[in-house]
Amino acid sequence: MLLAWGLVILWGTFLFFAVTEENSAKQVDDLGSQFTEIFIKQQENVTLLLTLVEEFDFHVRWPGVKLLTSLLKQQGPQVQQIILVSPMGVSRLMDLLADSREVIRNDGVLLLQQLTKSNAAIQKIVAFENAFERLLDIITEEGNSDGGIVVEDCLLLLQNLLKNNNSNQNFFKEGSYIQRMKPWFEVGDDNCGWSAQKVTNLHLMLQLVRVLVSPTNPPGATSSCQKAMFHCGLLQQLCTILMATGVPADILTETINTVSEVIRGCQTNQDYFASVNAPSNPPRPAIVVLLMSMVNERQPFVLRCAVLYCFQCFLYKNQKGQGEIVSTLLPSTIDATGNSVSAGQLLCGGLFSTDSLSNWCAAVALAHALQENATLKEQLLRVQLATSIGNPPVSLLQQCTNILSQGSKVQTRVGLLMLLCTWLSNCSIAVTHFLHNPANVPFLTGQIAENLGEEEQLVQGLCALLLGISIYYNDNSLENYRKEKLKQLIEKRIGRENFIEKLGFISKHELYSRAAQKPQPSFSSPDHMMFDHEFTKLVKELEGVISKAIYKSSEEDKKEEEVKKTLEQHDNIVTHYKKVIREQDQELEELKQRINTLTSQNEQLQATVTQQVSQIQQHKDQYNLLKVQLGKDNQHHNSHGDTLQMNGIQTEEVSKLKEELEEWKNKHELLQGQLREKDSVIEKLVSAVSAELDPAANSWKISCEYFIRWTEKLCLCFPKELEMLRSQIQLQSAEISKLQMENQKLQVMVPVTCSFIYGNCISKTCLPATVAAFLNQNVLEGYRASAFYLCLYCNLLWDFACCQSEVKALSEEKESLKQQLDSSSSTVAILQDEKSKLRMISWCFWLTRIRKYLH
């Protein structure tokens, strides 16, 4: 508690000194500054105070904030340096903005205002301590422009942080804080009854916008902020205020100045401003409405200056806008109906008005329309004016010189001379038109040669400048007004030294120095409105070269002319190559665009190809998977069908293959018919054998008779085979003797062979049940030979059955069917050979048995 009271006492002391100083301004000793100097002499006092400010206790923190604010007011730079070198000194003070108690937070804003004055290092630290975010939050919480004095304090602190600090301005722009300024300028339709605090807040907000786009800032930073304001809609919101009704005059004036600097030198913003229309019936461009205010002498002086500045900023580095203004003066574009007023008509009206301020403003505005644009200077020579009814029209240039020679007010003459100097500079055609009037040169020399008062010295200097421009940019196309003759005229009537002295009156004038400081025209009264900022640049550029041109001899002029011609030739060559380069750049740009287009198309095609390749691979994988899943029996057939489908066989080929398949099916059916016929023959043989093999026939005679009958039947069935067997018997008769010797061996081998064949035959699952039962009977040895022969035919039956199953398998595929049919044919041939061999063996066997029986 004692600590709190001590802080309060110290703060009260400083407050007493401050009040005393206010009441006694003539007091010699600054007691407050002395006390502050004693207090900060020991830096530990300030460090201790920073520590106390960190305390949360209200009775300690609040007096500490007030005391530190008083110290900064008394000895700002010294206290700033102590806080800057203190560990975390600035960061401690930044915590005041986050205090939930509004009293401490608001006093913290005032403390930071004093702390950030004229100290870029502290400004950067405060900005990077998230000051912008916190201050904008406070402004939003307090109601933006409708807020109280807290909003004003925050705006003043923001101005301290941003003004003349490029680093903080860049940080403010990159942090997207410009976008958060747009809600500040949202005003309603009812703009009556604005409070004084709201006017102050909005005025500071407009000034804060101007700080970001000030012409004194680096061009790059200003341009980026201008673009950001356009893209976030801030410029559009300002134009809405500009065209709104019921807005206070000072706010309207500051809004015009703000819009001027937001659009200055930015083509995008200038184009948008040219498209803005006032809410009138019919709608009029905002430029026209503003010019109407500028040439209206009943409007406030400050407002007229603001409109002139807006018009200058609109035309600054804007050749498109300059052309649009000058085009409204040309005969081909003037509205014959007179229903609408153009910008050119307003400028001409102001130029020849009885109000000197309107004359000056219109002349300066028209000069800005011609600034650094030789083409428009030549086009403006075509403008013709109707001065009075019945008189022929005169050119705008002639009318300006006529008014100039009539001896009007100084402000009017200064404005017209500035317009003529801007018009004739760097335009030889305009100089020729000016010199073509024989009254112009004598008027200028007369004005320069006279010894007039101090007010007229400025006019004399401008006349000397205009005559010097007529000499320097003279192309010697007029014989009576060649450079050399004009210089001789100056030397005879004025004197070179006197001419240079009068020319120097311009740059030595006090109003010239004020105008050269900044682009915005700021004058305390209309009488001080003499020079324009851009015109001061022109004077600085031409004053030296004109002085040299006056002292040059004819030979030097000739050399200079030659140099100029050479330079012009070089300039023409450079211009030609620039044109070629520009065309090549355009072609290159077109080729780049084509390359980009082709590249994009190529990428699309590559993507399509990749997609198709992946689809083909998927189809292949699916095909392989299906191929694996198919069974072994129909694998080849299905794969063949898939191959046909994949290869896209035509319908004609498919029909042809179907015809071939039908043909093979017919052949297959024919072969099956032949097999059925053979099966029927075999069945007849089996039935005949079973009928004739009677168990009661036990004699060999009956057996022989049966064999003979059965043999005859076989002969009837197989006549060709019988003939073959007979021939073979004859060939083998020589071997009968050998067979007799092996009789015993054959008797042993035949039963074994028969039993072996018999066992194999009955084991065939394909034999009929009746045949197997018959063979299982215990027959006599005489019947074994017949059973043996029957087994051979049963075996043949089984082979044909196997062939039949193979032929059925051939129906599933064309190629396999053909091969199986060939195999079946070969099998039949082999069986026929085996059958003939078996017949031969059986005949031999029976012959051997017959011989044995006969013996």
Participant: Check whether any side-chain heavy atom of T422 sits under 4.5 Å from a side-chain heavy atom of F535, and report yes or no.
Facilitator: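 Yes, at least one pair of side-chain atoms sits under 4.5 Å.
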Participant: Salt-bridged, R264 to E261, with N to O below 4.0 Å?
Facilitator: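 Answer for the salt bridge query: no.
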Participant: Taking atom NZ as the centre, does K173 end up with more than 12 heavy-atom neighbours from other residues, nucleotides or ligands that are less than 6.0 angstrom away?
Facilitator: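 More than 12 within 6.0 Å, yes.
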Participant: Does the plane of the ring in Y177 sit parallel, tilted or perpendicular to the ring in F171? Use 30° and 60° as the thresholds.
Facilitator: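 Answer is tilted, since the angle falls between 30° and 60°.
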Participant: Check this for me: K163, atom NZ, are more than 12 non-hydrogen atoms of other residues, nucleotides or ligands nearer than 6.0 Å?
Facilitator: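 Atom NZ in K163 is not crowded, with 12 or fewer foreign heavy atoms closer than 6.0 Å.
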Participant: Yes or no on salt bridge (Lys or Arg N to Asp or Glu O under 4.0 Å) for R210 and E254, after CA distance, side-chain angles and deciding distance?
Facilitator: CA-CA 10 Å; R210 295 184 63 185; E254 190 64 25; 3.0 Å; yes
Participant: Any non-hydrogen side-chain atom of V628 less than 4.5 Å from a side-chain atom of Y623?
Facilitator: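 No. Closest side-chain heavy atoms not under 4.5 Å.
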Participant: What closest approach, in Å, do A278 and V289 show between heavy atoms, and which atom pair accounts for it?
Facilitator: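 Scanning both residues, the minimum pair turns out to be CB-CG2, 3.6 Å.
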Participant: Report the residues that fulfil side-chain contact (heavy atoms from CB on, under 4.5 Å) with E589, sequence neighbours left out, ordered by chain and then residue number.
Facilitator: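 Testing E589 for side-chain contact (heavy atoms from CB on, under 4.5 Å), a comparison that skips the adjacent residues, returns K592, Q593.
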Participant: Do L112 and L97 have side-chain heavy atoms sitting under 4.5 Å apart?
Facilitator: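 Counting from C-beta outward, L112 and L97 do come under 4.5 Å.
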Participant: For N168 and Q123, does a side-chain donor sit closer than 3.5 Å to a side-chain acceptor?
Facilitator: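 Q123 and N168 do not have a side-chain donor-acceptor pair below 3.5 Å.
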Participant: Under 3.5 Å, is there a donor-acceptor pair linking the side chains of Q345 and T328?
Facilitator: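 No - no donor-acceptor pair under 3.5 Å links their side chains.
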Participant: Can you check whether L424 reaches Y473 side chain to side chain, under 4.5 Å on heavy atoms?
Facilitator: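 Counting from C-beta outward, L424 and Y473 never come under 4.5 Å.
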Participant: If you count the non-hydrogen atoms of other residues, nucleotides and ligands that lie under 6.0 Å from OH in Y577, is the total more than 12?
Facilitator: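 Open: at most 12 neighbouring heavy atoms sit under 6.0 Å from OH of Y577.
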Participant: Any heavy-atom pair between the side chains of L396 and W423 that's under 4.5 Å?
Facilitator: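 Result yes, sub-4.5 Å side-chain heavy-atom pair found.
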Participant: Show the nearest heavy-atom pair for residues G344 and L329, with the distance to one decimal.
Facilitator: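 What the structure gives for the nearest pair is O-CD2, 3.2 Å.
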Participant: Could you walk me through whether S425 and K377 pass the side-chain contact (heavy atoms from CB on, under 4.5 Å) check?
Facilitator: CA-CA 9 Å; S425 63; K377 292 177 182 179; 3.4 Å; yes
Participant: Quick one, Q237 and W184 - any side-chain contact, counting heavy atoms below 4.5 Å?
Facilitator: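 Answer no - side chains too far apart.
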Participant: Counting heavy atoms not belonging to Q267, are there more than 12 under 6.0 Å from its CD?
Facilitator: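 Yes.
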Participant: For side-chain contact (heavy atoms from CB on, under 4.5 Å), just list the numbers for K579 and T575, CA-CA rounded to whole Å, side-chain angles, deciding distance to a tenth of an Å, and then say yes or no.
Facilitator: CA-CA 6 Å; K579 184 179 180 181; T575 304; 5.6 Å; no
Participant: Report the C-alpha separation of Q319 and N373 in whole Å, then their side-chain angles, then the decisive distance to 0.1 Å, and conclude whether the side chain to side chain donor-acceptor pair (under 3.5 Å) test is met.
Facilitator: CA-CA 7 Å; Q319 293 187 356; N373 199 323; 4.7 Å; no
Participant: Could you tell me whether the side chain of V276 reaches within less than 4.5 Å of the side chain of L242, counting heavy atoms only?
Facilitator: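 Answer no - side chains too far apart.
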Participant: State whether R180 and D137 are salt-bridged, where the test is any N-O pair (Lys NZ or Arg NE/NH1/NH2 against Asp/Glu carboxylate O) under 4.0 Å.
Facilitator: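 Result for this pair is yes, salt bridge flagged.
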Participant: Do you know which of T240, T255, L202 makes side-chain contact (heavy atoms from CB on, under 4.5 Å) with F185?
Facilitator: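 Exactly one candidate clears the test, L202.
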Participant: Measure the spacing between CD of E129 and CZ of R134 and express it to the nearest 0.5 Å.
Facilitator: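 These two atoms lie 7.5 Å from each other.
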Participant: Does any part of the side chain of L380, heavy atoms only, come nearer than 4.5 Å to the side chain of V383, both counted from C-beta?
Facilitator: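 Heavy-atom side-chain distance check passes, below 4.5 Å.
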Participant: Do Q312 and D532 get their side chains close enough for a donor-acceptor pair, meaning under 3.5 Å?
Facilitator: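 Yes, a side-chain donor-acceptor pair sits under 3.5 Å.
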Participant: Distance alone, cut at 3.5 Å: any donor-acceptor contact between the side chains of H203 and Q207?
Facilitator: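 Yes - a donor-acceptor pair under 3.5 Å links their side chains.
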Participant: What do you reckon, is CG of L252 surrounded by more than 12 foreign heavy atoms closer than 6.0 Å?
Facilitator: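 Enclosed.
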Participant: What closest approach, in Å, do A286 and M243 show between heavy atoms, and which atom pair accounts for it?
Facilitator: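 Closest pair (atom of A286, atom of M243, distance): CB-CE, 3.9 Å.
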Participant: Answer with yes or no whether the side chains of S167 and N165 bring together a donor and an acceptor at under 3.5 Å.
Facilitator: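 There is no such pair between these side chains.
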